[in-house]
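Right, one structure below, let's go through it.
Hydrogens, waters and symmetry mates play no part in the numbers below; they use all other heavy atoms, side chains included. These numbers were taken from a predicted model, which means no experiment stands behind them.
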There are 2 protein chains.
Amino acid sequence: MLTIGKLGAQAGVKVPTIRYYEQIGILPEAERSAGNQRLYSRKALERLAFIRHARDLGFTLEAIRDLLSLSDNPDQSCAAADTIAKAQLAEVESRIARLTALKAELERMVVQCAGGRIADCRVIEVLGDHSLCATDHRHPHSAHPD
Amino acid sequence: MLTIGKLGAQAGVKVPTIRYYEQIGILPEAERSAGNQRLYSRKALERLAFIRHARDLGFTLEAIRDLLSLSDNPDQSCAAADTIAKAQLAEVESRIARLTALKAELERMVVQCAGGRIADCRVIEVLGDHSLCATDHRHPHSAHPD
DNA sequence: CTAATGTCTCTAGCAACTATAGCTTCAAGA
DNA sequence: TCTTGAAGCTATAGTTGCTAGAGACATTAG
């Protein structure tokens, strides 16, 4: 049996985060010691590692909740898990695309700012005037994930 | 003079967001009509466009506050704005790198999910067992920017 | 036995919005 | 002119995924 601190160390998750996961019901309530401290089994460690990996891959806790409920009854089709992973992949690809456009813009800004006065500095200008922008950040207006 | 709705439509920013920006002091308090409704000038539209573009480029509101204060008194060196842009560029490049690694991982997961039973599903398996991971998301444990 | 560290609960805070409720104002049609 | 519906107002609370702090109790090393 592991204390919460050991569990966190082994899974690479901070202690308050573990308690938070329990609070929102993504980890089951832990057993307690005589002194009311949480005790965790190997199974709990695995579940936490699962969560940690999924978070690292950018899955939301909601998606993880779904994945966990799938893995809890493993006798059905894999399709739902596949769907969730695919959606995640699409999201990641979209983010990469947006960030790449963004990078080009920032590079342009930095190059053009040769250290003159701000009045001549395109950094400000580019951000203020859309017509000077290389990218088109008007229509999509996707909620900012950041 | 524009109402808040028109302003939002023209800048591509939702109405509550504009009020939020005013509340946190990144937009000045708007003039009011006789009936207490906000009225905006062309200048306000430009400022909001500036903010919108900067947000699209991944700047935090704090960085934007700095940029705005620079553009509000444009008689100084461009160096500060340049510094801010360069910091953002580094951040963006790092995000792209992380997302690209992540994408590879997700693609691997999706490809390997052949639609069988969950018990055999690599999506679940990969998330549960770190040894199946190609990437190393153990040490860095960088706070997730997403 | 004591001191240091770990753990407990509870509450509040973070960014950057978004949503809701209940009200007032405005613009356009009949 | 009246009316109806959209748009605006304020204020408050909720969102996501944690993180930080306070003050009290538990455990462990020396």
Side-chain angles (χ1 to χ4, degrees), chain A residues 1-27 29-40 44 48 50-68 88 91 95 137 141-146, chain B residues 1-27 29-40 44 48 51-68 88 91 95 137 140-146:
Chain A
M1 285 300 195
L2 301 164
T3 63
I4 196 169
K6 312 269 184 196
L7 178 73
Q10 293 209 20
V13 174
K14 286 178 190 155
V15 167
T17 304
I18 297 171
R19 288 196 279 248
Y20 169 71
Y21 286 163
E22 177 181 311
Q23 186 193 307
I24 65 167
I26 212 166
L27 281 180
E29 293 195 13
E31 285 178 62
R32 298 299 181 115
S33 73
N36 198 36
Q37 301 195 344
R38 288 173 181 81
L39 292 178
Y40 294 93
L48 184 55
F50 182 103
I51 295 169
R52 166 89 157 94
H53 284 146
R55 287 293 299 131
D56 274 344
L57 291 175
F59 291 88
T60 64
L61 287 177
E62 265 327 290
I64 292 169
R65 215 188 278 274
D66 291 348
L67 286 170
L68 281 170
Q88 188 56 32
E91 172 63 25
R95 273 191 211 178
H137 28 221
H141 199 220
S142 59
H144 259 280
D146 325 323
Chain B
M1 287 301 193
L2 301 162
T3 63
I4 197 169
K6 312 272 184 194
L7 178 74
Q10 292 210 19
V13 173
K14 286 177 192 159
V15 166
T17 304
I18 297 171
R19 289 196 278 247
Y20 168 71
Y21 285 162
E22 178 181 311
Q23 186 192 306
I24 65 168
I26 212 167
L27 282 181
E29 293 194 11
E31 286 179 59
R32 298 298 182 115
S33 72
N36 197 37
Q37 303 195 344
R38 288 174 182 81
L39 292 178
Y40 294 93
L48 184 55
I51 295 169
R52 166 84 159 95
H53 285 145
R55 288 292 300 130
D56 274 344
L57 290 174
F59 291 89
T60 65
L61 285 177
E62 266 327 290
I64 292 169
R65 219 187 276 274
D66 292 348
L67 285 169
L68 281 170
Q88 278 300 313
E91 171 64 24
R95 271 190 216 181
H137 30 222
H141 202 219
S142 60
H144 261 280
D146 328 324

Item checked: Protein proximity profile, nucleotides 19-28 of chain C - base contact B, sugar-phosphate-only contact S, no contact -, cut-off 4.0 Å on heavy atoms -> ------SS--
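- Taking for each of B:Q23 and B:G5 the nucleotide of DNA chain D with the nearest heavy atom, the 5'-most of the two is the partner of B:G5.
- In this entry the distance linking OH of B:Y21 with P of C:dA16 reads 9 Å, nearest Å.
- Between D:dC9 and B:R19, a contact under 4.0 Å exists linking OP1 or OP2 to a side-chain N or O.
- What separates CG of A:L2 from P of C:dT7 is a distance of 11 Å, to the nearest Å.
- Comparing C:dT18, C:dT7, D:dC18 by their nearest atom to the side chain of A:R55 picks out D:dC18.
- B:R65 has a carboxylate O that lies under 4.0 Å from a charged side-chain N of B:E62, or vice versa, which qualifies the two as a salt bridge.
- Atom CG of A:L48 is separated from atom CG of A:L2 by 10.5 Å, given to the nearest 0.5 angstrom.
- In the helix from C:dC1-D:dG30 to C:dA30-D:dT1, the rotation axis of the first five pairs and that of the last five pairs differ in direction by 0°, rounded to 10 degrees.
- What you find for A:A44 and A:L7 is that their closest heavy atoms are C-CD1, 4.5 Å.
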Checklist line | Audit row: A:R32, A:R38, side-chain contact (heavy atoms from CB on, under 4.5 Å) steps and yes/no | finding: CA-CA 5 Å; A:R32 298 299 181 115; A:R38 288 173 181 81; 3.3 Å; yes
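- Per the geometry, OH belonging to B:Y40 stands 11 Å off C1' belonging to D:dG8, to the nearest Å.
- Heavy-atom minimum distance, A:Y21 versus A:L61: CE2-CD2, 3.8 Å.
- The distance between atom CD1 of A:I18 and atom C1' of C:dT9, rounded to the nearest whole Å, is 16 Å.
- Between B:I26 atom CD1 and B:Y20 atom OH the span is 8.5 Å, to the nearest 0.5 Å.
- Regarding B:E22, its CD atom lies at a distance of 15 Å from the P atom of C:dC17, rounded to whole Å.
- If you measure from atom CD of A:E62 to atom P of D:dT15, you get 11 Å, rounded to the nearest angstrom.
- Residues A:L27 and A:I51 meet the side-chain proximity criterion, which asks for heavy atoms closer than 4.5 Å.
- For C:dT18, the OP1/OP2 oxygens have a side-chain nitrogen or oxygen of B:T17 closer than 4.0 Å.
- Nearest nucleotide to the side chain of A:R32, out of C:dT9, D:dC18, D:dG8: C:dT9.
- For A:Q10, the CD atom sits in a packed shell: over 12 heavy atoms of surrounding residues, nucleotides or ligands are nearer than 6.0 Å.
- Distance A:R38 CZ to D:dA26 C1': 14 Å, rounded to the nearest Å.
- Between B:E31 and B:M1 the shortest heavy-atom distance is OE2-CE, 3.1 Å.
- Whole-Å rounding puts the B:Y20 OH to D:dG8 P distance at 21 Å.
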